[in-house]
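Working notes, structure below.
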Number of protein chains: 2
Amino acid sequence: MGASRPTMVDIARAAGVSTALVSIVMRGVPGASDTTRARVLAVADELGYVPDQRARKLRQRRSRVLGVCFGLRHAFHGDLVEQLYVAAADRGLDLALSATAPGRHETAAAQALLRERPEALILLGPTLSDEALDDLAARVPVVALARSTAANVSAVISDERAGIDAAIAHLVGLGHSDIAHVDGAHAPGSDERRTAFRDAARRANLTGSRVLTGGLTEVDGIRAARELLDGPLLPTAVVAFNDVCAVGVLEELRRSGVAVPGDVSVVGFDDSSIARLAHIDLTTVAQDVPGLASGGVAAAAALASGEPSRRVVLDPHLVVRSTTGPASGHQPGDAT
Amino acid sequence: MGASRPTMVDIARAAGVSTALVSIVMRGVPGASDTTRARVLAVADELGYVPDQRARKLRQRRSRVLGVCFGLRHAFHGDLVEQLYVAAADRGLDLALSATAPGRHETAAAQALLRERPEALILLGPTLSDEALDDLAARVPVVALARSTAANVSAVISDERAGIDAAIAHLVGLGHSDIAHVDGAHAPGSDERRTAFRDAARRANLTGSRVLTGGLTEVDGIRAARELLDGPLLPTAVVAFNDVCAVGVLEELRRSGVAVPGDVSVVGFDDSSIARLAHIDLTTVAQDVPGLASGGVAAAAALASGEPSRRVVLDPHLVVRSTTGPASGHQPGDAT
DNA sequence: ACGTGCTACTAGAACGTACTAGTTGATGAG
DNA sequence: CTCATCAACTAGTACGTTCTAGTAGCACGT
């Protein structure tokens with residue numbers, strides 16, 4: 001309690017060696033005999049020595065740190081960070097985390113990270129404008145994860161089109177031809193998915209296909225479902241922009257007496273934890289989280305060593321759960 | 001791209017002053033004239049200078065950093081971290097985040113933080129044993145947030161008893177007398193809540209009260225609900241250990257044709273995001289998140305300045321939503 | 001004896017900042 | 001005029017580590 005934490009100097013003195021040798025031992029690099037190594041480690045352990053990361057990183061030419069900006073409100077980001085830890089460890093890199101939240105803007109989070117001198121920044125689903133991304137990229141290598149952008153940064157993303165295609169193929173295989181898409185309104189990625197949906201619908205000759213304005217939240221899904229329910233003809237399947245929106249659709253349909261998947265099938269996007277809830281058990285398009293993470297770290301490492309920015313596109317896959325089933329012949333007509 | 005990031009030396013040279021003065025300006029402390037200050041800031045901005053946090057923290061006597069260990073899988077931790085940022089900023093403290101996840105144990109996360117030389121560690125709902133907490137506390141001041149412990153660390157927790165009492169009072173006020181508690185099995189806090197439930201039930205003379213083994217997950221709630229449904233007499237209200245478990249109960253009841261809150265009322269605990277989902281809209285006991293956060297930071301700061309460990313207990317409050325209502329007279333008997 | 005190569009180790013200079021202990025020049029009191 | 005006071009500024013060291021450039025000692029071949 002009294003004295004502050006021990007330093008290399010304390011260990012060196014106690015073990016009767018130089019600080020340089022302590023450094024060698026602590027880093028586990030060659031240059032010390034086995035006996036000395038053991039002795040130094042024993043002393044360090046006894047004194048409760050922990051290397052000072054700040055001094056370490058300051059001295060090293062490369063910081064070997066990747067800054068990660070993630071949203072506390074996004075469960076999906078949690079999954080990504082988890083895998084980023086794994087991917088970074090594989091390359092001997094450390095992660096510095098900075099969270100985004102209402103009240104803590106992305107730029108503030110990124111600025112905090114810059115002070116740690118990371119070799120690169122990995123931004124999870126950044127909402128920054130291309131311009132802001134470019135500004136940031138002028139200061140430090142930047143990787144945008146799970147967000148497509150025109151900015152001059154590396155991007156590792158899922159193939160939205162492939163995801164939508166998989167969903168449609170699944171539904172068509174079940175006999176659906178009247179499929180609605182509840183889009184993400186102005187959310188990033190919404191345009192891609194909407195276009196992909198329209199293209200897939202055209203290709204599959206889905207005469208009854210249509211697109212509704214949705215959004216990111218459950219309420220958006222509820223609103224869209226109401227619109228469908230109030231319309232003349234209920235589709236036999238709905239592909240929502242994301243899981244949360246899909247849940248909104250799902251619950252509003254059920255509340256109105258429409259059976260899912262009996263009358264209408266529902267597909268989400270993201271395979272977030274909400275989709276896995278036992279009572280929801282949503283069929284959804286899952287992004288390749290480990291792939292995104294390792295791709296992100298790889299891209300960051302590449303940028304840090306001077307390579308040009310790259311764009312990696314990964315294939316998502318469909319997770320079939322219990323909200324999709326064979327197309328029903330009849331329409332529930334006047335459901336409310 | 002070629003040259004590395006600018007340092008104070010570069011700014012000093014460009015502005016024609018000493019590095020010491022640059023330091024003064026960057027910290028915003030008195031000791032520079034307004035004109036010089038403006039000039040230095042202008043130069044710094046132009047060169048894209050960002051102070052090096054590592055060097056800063058290394059030099060300062062106090063690091064002014066709090067280490068925070070949180071679980072990526074726990075939405076509630078996200079809420080806490082969000083408020084911790086606010087509380088820390090109020091005191092001019094920085095946060096160093098280290099995440100816990102399956103595959104990244106709490107001790108590893110804490111060890112990583114230790115290398116950053118934080119003034120104290122704030123552990124969110126730590127699952128470490130009292131012994132492990134004591135070990136850690138021997139190296140650095142430790143605050144356990146939202147977890148009661150016998151270890152010699154500071155703790156900032158919610159009054160589980162008061163939370164349960166509020167839930168029971170609410171239900172009793174609605175005319176319920178046959179209330180079941182689905183507990184958290186071996187989860188931390190489960191004992192407290194179970195005991196509080198039994199005490200409150202006795203005090204309120206709830207003859208029909210009973211306790212079922214539950215758990216942390218939705219499946220645990222589903223299992224408990226099945227047990228209730230298969231039993232001779234359905235209670236008129238259920239108080240679950242947490243929100244996720246409550247949702248399991250809720251959905252299983254509804255799936256079996258039991259109306260909530262028509263036939264049975266359901267109360268959760270935590271006010272996690274799942275409780276706020278539009279279609280769930282769960283009545284639940286909300287912890288005082290901003291209070292926990294500022295209490296945690298205050299406790300950490302106190303420990304860091306040598307004060308003895310403390311124990312702060314905060315009152316939770318009930319958030320009444322739509323899963324609770326007046327006790328129904330009849331029993332739905334053969335629901336399936 | 002001499003160099004050569006190797007292992008085990010060490011002295012001391014960085015890294016980029018904060019901070020202590022000044023120095024300078026202007027102002028004002030006596 | 002002298003001295004104290006103050007604001008504005010600077011020189012130089014310290015923080016705890018890594019890294020460069022060594023040195024000491026030993027074994028070995030010639």
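Residue numbers start from 1 in every chain, and the chains themselves are labelled A, B, ... in the order their sequence lines are given, proteins ahead of strands.
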Going from CG on A:L124 to CG on A:L80, what distance comes out if it is rounded to the nearest 0.5 angstrom?
5.0 Å
How about A:Q83 and A:L292: do any of their side-chain heavy atoms sit closer than 4.5 Å?
no
Between the two end axes of the helix from C:dA1-D:dT30 to C:dG30-D:dC1, each built from 5 base pairs, what angle do you get to the nearest 10°?
60°
For every nucleotide of nucleotides 7-20 of chain C, 5' to 3': is a protein heavy atom under 4.0 Å from its base (B), only from its sugar-phosphate (S), or from neither (-)?
-SBBB-BBBBBBB-
Using the side-chain hydrogen bond (donor to acceptor under 3.5 Å, both in side chains) criterion, which residues pair with B:R73? Sequence neighbours excluded.
A:E82
Flag side-chain contact, heavy atom, 4.5 Å: B:L84 against B:L66:
no
Answer yes or no: are there more than 12 heavy-atom neighbours, outside B:R13 itself, under 6.0 Å from its atom CZ?
no
Out of B:K57, B:R56, B:R64, which one pairs with B:D94 under the salt bridge (charged side-chain N to carboxylate O under 4.0 Å, His left out) rule?
B:K57
Show the numbers, then the answer: is there a side chain to side chain contact (heavy atoms under 4.5 Å, CB included) between B:R117 and A:V50?
CA-CA 9 Å; B:R117 294 288 186 274; A:V50 177; 4.1 Å; yes
